[in-house]
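See below for the structure under consideration.
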Amino acid sequence: MSNYLLDQISGLTEPKQEKSNPFRLDPKLIFKIKLTKKGSIEDKDLIRTGLDILAIEPDKAIVVFSSDLELTEFRRRLKNYSQIIEGNKYEYLGAIDDLVPLEREDRIGRLLELKPVQPGELAALDLELWHTGDRKEMKVSLEHIAERLEDFSSDTAPMRMSDSYVGEYLCIARIKVTHEVLELLLKEKIVKEIDRPPQPAFEITADYNLPISSFPEVIPPPKKNCGILVIDSGVQRGHPLIAPVLNKADVFPDPEQKLIKGGANDVNGHGTSVSGIAIYGDVENGIKKRSFDPTVWLFSARVTDENCQYYEDLLLETQLDQAIHAFVDQYPNCKVINISLGNAEQIYRDGMKQFRLAAKIDEIAYQYQKENKNIIFVISAGNTNPPHEEAKSDEQLITDYPNYLLNQNARIIDPATSAIALTVGSLSYGHGSMTEPADVRRQAIAKLPGYPSPFTRTGFGVDGMIKPDVVDFGGDLALDLSYREGLDLPKVSQLGDNVAGVSVVTFSKNFQSSLFHICSGTSFAAPRVANIAAQLFTKYPNASSNLIRALIVNSAVLPKEIPDEFSKGTESQKIKKQLQIYGYGQTDLERAMYSAENYVVLSEDNIFIPVGKFHIYEIPQLPEEFFDIEGTRTLSVTLAFDPPTRPTRGDSYLGVTMEFNIFKGIDKQSVINAYVDASKTDKPDEFAEISIQNLNKKHPNRSITIDLSPGSNLRKKGTVQRGQTQLKSGAKKYNNLPMTLVVSCNRKWANADEIPIQRYALVVNISHSDPQVNLYNRLQLKVDEIDLRERNRARV
């Protein structure tokens with residue numbers, strides 16, 4: 001292997017016989033070290049080998065550079081390792097699998113890949129160089145590029161470098177070049193990436209400062225429509241776009257306003273911003289249309305003081321409990337509760353028990369379920385502040401993004417760990433800053449639509465349950481990469497959460513001066529999901545909260561663009577990272593609310609299953625054209641249930657757990673028999689796994705289960721679970737029998753006398769990407785309840 005690597009070194013160091021590049025930058029030997037599957041090398045060993053680390057790639061490849069164009073020390077150590085010469089064996093070199101050069105394609109940014117520069121186009125692009133750690137050297141490289149661009153410039157193609165920045169970790173420039181010059185730059189080894197800059201959402205900031213006369217009168221929704229209770233800093237009741245849909249606002253638990261001053265009105269502004277999105281969903285779209293058409297009612301409970309702090313003499317759990325009961329008990333259409341508040345000091349760590357406030361939310365949800373009242377909590381995942389705690393400079397928010405989102409300090413906070421609530425993480429719009437958009441020093445961190453916001457918090461939750469459940473737009477952050485006056489030193493600062501273009505547009509509490517306000521945070525992603533939940537309740541007024549949660553999760557899709565860091569590695573690693581960041585994805589209202597000819601949603605609601613038993617469903621045979629017509633064929637199952645919870649239990653926060661599995665190509669009775677037989681074992685919590693094992697033994701060399709993603713062991717930890725798969729055309733051979741879906745319910749610590757049954761909802765979705773495939777009205781679910789013997793062993 002070492003001889004193979006020595007040959008690769010020769011290939012890297014021997015100059016290629018090719019036309020000299022007119023940029024003639026100071027040569028650097030930059031290449032990738034690819035490690036073996038289980039290999040690792042410490043930074044100090046690479047440095048002693050004569051290499052400097054530039055980046056660690058998501059697939060464990062290490063980008064390095066060396067000023068020694070012959071890699072003398074690296075060669076010597078490899079010869080020692082291969083025993084060509086005597087000396088230290090340098091065993092760590094055994095972790096190296098490949099040494100490969102960086103190619104042109106490695107230097108093309110995703111936005112540029114999506115929209116290549118066309119011949120004849122003069123394109124404004126962001127150029128980034130590999131930072132060697134020597135700021136003076138990097139400045140010289142940029143100056144050299146700027147000079148060459150001036151040489152290439154002409155009256156018809158005025159190329160230039162309009163702006164540049166060299167910091168401790170970042171070396172970037174804004175350039176204008178033609179297609180031909182871009183191709184030359186893409187061959188330069190020192191070039192890390194060239195990309196198109198992100199575009200701002202609005203052309204001018206004045207679009208945010210429209211008078212109320214620009215909009216038609218707001219017509220309140222029908223009285224029966226669902227309402228959202230926003231528990232926050234209050235609401236500005238006089239705002240002309242809020243007042244027509246504000247049903248009730250109050251302060252809790254301080255009706256005499258002795259502790260919290262200012263009444264129900266919002267002094268801070270946070271609650272008003274959250275409320276605007278809760279009412280209208282996409283406020284920016286309303287501005288563009290010049291029309292606001294509310295579909296939900298607003299209720300507001302103020303629980304913070306004028307500084308947006310909880311009052312120290314009030315117990316937050318008491319405030320929450322009183323506020324919810326006051327609204328939900330009095331107003332039957334108040335069914336969705338949005339909480340965009342969190343405790344940044346309470347960061348969840350693996351193995352911890354449930355937080356107190358999150359446990360209170362789960363307790364309230366469970367109690368209302370027992371009273372046959374359906375409410376849904378929607379909670380923001382929380383913001384990291386600062387976003388990258390380990391960063392030595394704000395520059396590293398760009399250079400280390402998005403890897404730091406999986407750090408321990410970026411995990412979700414109380415009460416986002418609530419098991420029965422929907423927890424919402426945040427996505428970026430992928431816009432650039434509207435403030436001086438030509439200035440390369442105004443850098444948005446997430447450059448593509450659907451990339452995770454640089455401040456969002458990530459999963460997993462209690463007992464490893466998938467959190468966040470879903471994500472939605474919450475904005476981005478922008479950095480100001482300027483210089484200290486009089487000194488040639490970078491001064492990097494965050495521009496805050498209210499930069500036009502990268503932020504969320506919502507309502508301002510100071511509506512007399514401006515109706516609208518811009519801000520960023522997971523706080524503003526959560527009410528978008530709350531708005532969808534309320535619209536679903538309005539569409540399906542008799543639906544259980546479980547069904548609404550299931551429809552929301554079932555409709556969620558991952559963004560089209562996902563950072564490479566979260567889409568590489570083994571399949572299980574990739575799935576785990578994506579679930580930690582996105583949960584099940586971004587909810588789509590149309591998919592949640594309606595079926596189509598090629599997209600069918602089958603559902604069962606308010607089903608009660610005896611704890612310790614299972615239900616059998618048949619998924620009917622699919623039409624032949626489903627398999628015969630080319631396209632993407634998707635099968636997904638979503639289960640939602642609302643079990644009892646107990647924060648004192650370290651063994652299982654949930655008193656009851658549920659899971660599901662799908663079988664193909666075998667008759668239903670065989671599946672029933674396997675589950676019945678498995679129920680006779682002394683492992684009452686594992687009968688689903690035992691059933692599958694027994695079925696596999698009886699059907700050797702056959703694939704009888706449909707593998708869903710994520711797998712059962714991961715998804716079954718939560719109270720809303722979705723498993724999904726892409727069916728290939730070869731699956732047609734199993735279509736001679738209906739698929740069998742088994743939903744099973746296990747008892748953990750829940751007492752059999754107190755909790756004999758568990759309520760749940762089930763959604764099965766079958767879709768084909770070709771709209772010509774007709775599935776609608778052809779499919780339905782059938783359920784049989786299979787009674788298993790009562791468990792003899794008590795659970796405590």
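Counting from 1, the numbers follow the sequence of the chain as shown.
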Next item on the list: Answer with yes or no after comparing the ring centroid distance for Y280 and F507 against a 6.0 Å cut-off, counting only values under it.
Entry: yes
Next item on the list: Verify salt bridge (Lys or Arg N to Asp or Glu O under 4.0 Å) between D469 and R549, making sure each step is shown before the conclusion.
Entry: CA-CA 10 Å; D469 299 279; R549 286 195 298 148; over 6 Å; no
Notebook entry, point to check: Are the side chain of N546 and the backbone N or O of D605 linked by a donor-acceptor pair below 3.5 Å?
Noted result: no
Margin query: Please determine whether a side-chain nitrogen of the Lys or Arg among D642 and R759 lies less than 4.0 Å from a carboxylate oxygen of the Asp or Glu.
Written below: yes
Next item on the list: Say whether, by atom type as modelled, one donor and one acceptor occur between the side chain of W297 and the main chain of C334 under 3.5 angstrom.
Entry: no
Check: What is the minimum heavy-atom distance between T417 and Y348, and which atoms define it?
Finding: CG2-CB, 3.8 Å
Item checked: Any donor-acceptor pair under 3.5 Å from R349 side chain to G351 backbone -> no
Checklist line | NZ/K370: more than 12 non-hydrogen atoms of other groups inside 6.0 Å | finding: no
Notebook entry, point to check: Does one side chain, of S291 or D293, offer a donor that lies under 3.5 Å from an acceptor on the other?
Noted result: yes
Check: So, K467 side chain and S418 main chain: donor-acceptor pair closer than 3.5 Å or not?
Finding: yes
Check: So with a 6.0 Å cut-off around CD of E217, is the heavy-atom count from everything else above 12?
Finding: no
Next item on the list: State yes or no: are the ring centers of F524 and H517 separated by less than 6.0 Å?
Entry: no
Notebook entry, point to check: Would you say Q580's side chain and G459's backbone share a donor-acceptor pair under 3.5 angstrom?
Noted result: yes
Checklist line | NZ or CZ of R715 within 45° of F660 ring axis and under 6.0 Å | finding: yes
Next item on the list: Without swapping roles, check the side chain of D232 against the backbone of G271 for a donor-acceptor pair under 3.5 Å.
Entry: yes
Next item on the list: Kindly determine whether D266 and S233 satisfy side chain to side chain donor-acceptor pair (under 3.5 Å), including the steps that lead there.
Entry: CA-CA 6 Å; D266 186 7; S233 63; 2.9 Å; yes
Margin query: Looking at T522 and G382, would you say the former's side chain and the latter's main chain have a donor-acceptor pair under 3.5 Å?
Written below: yes
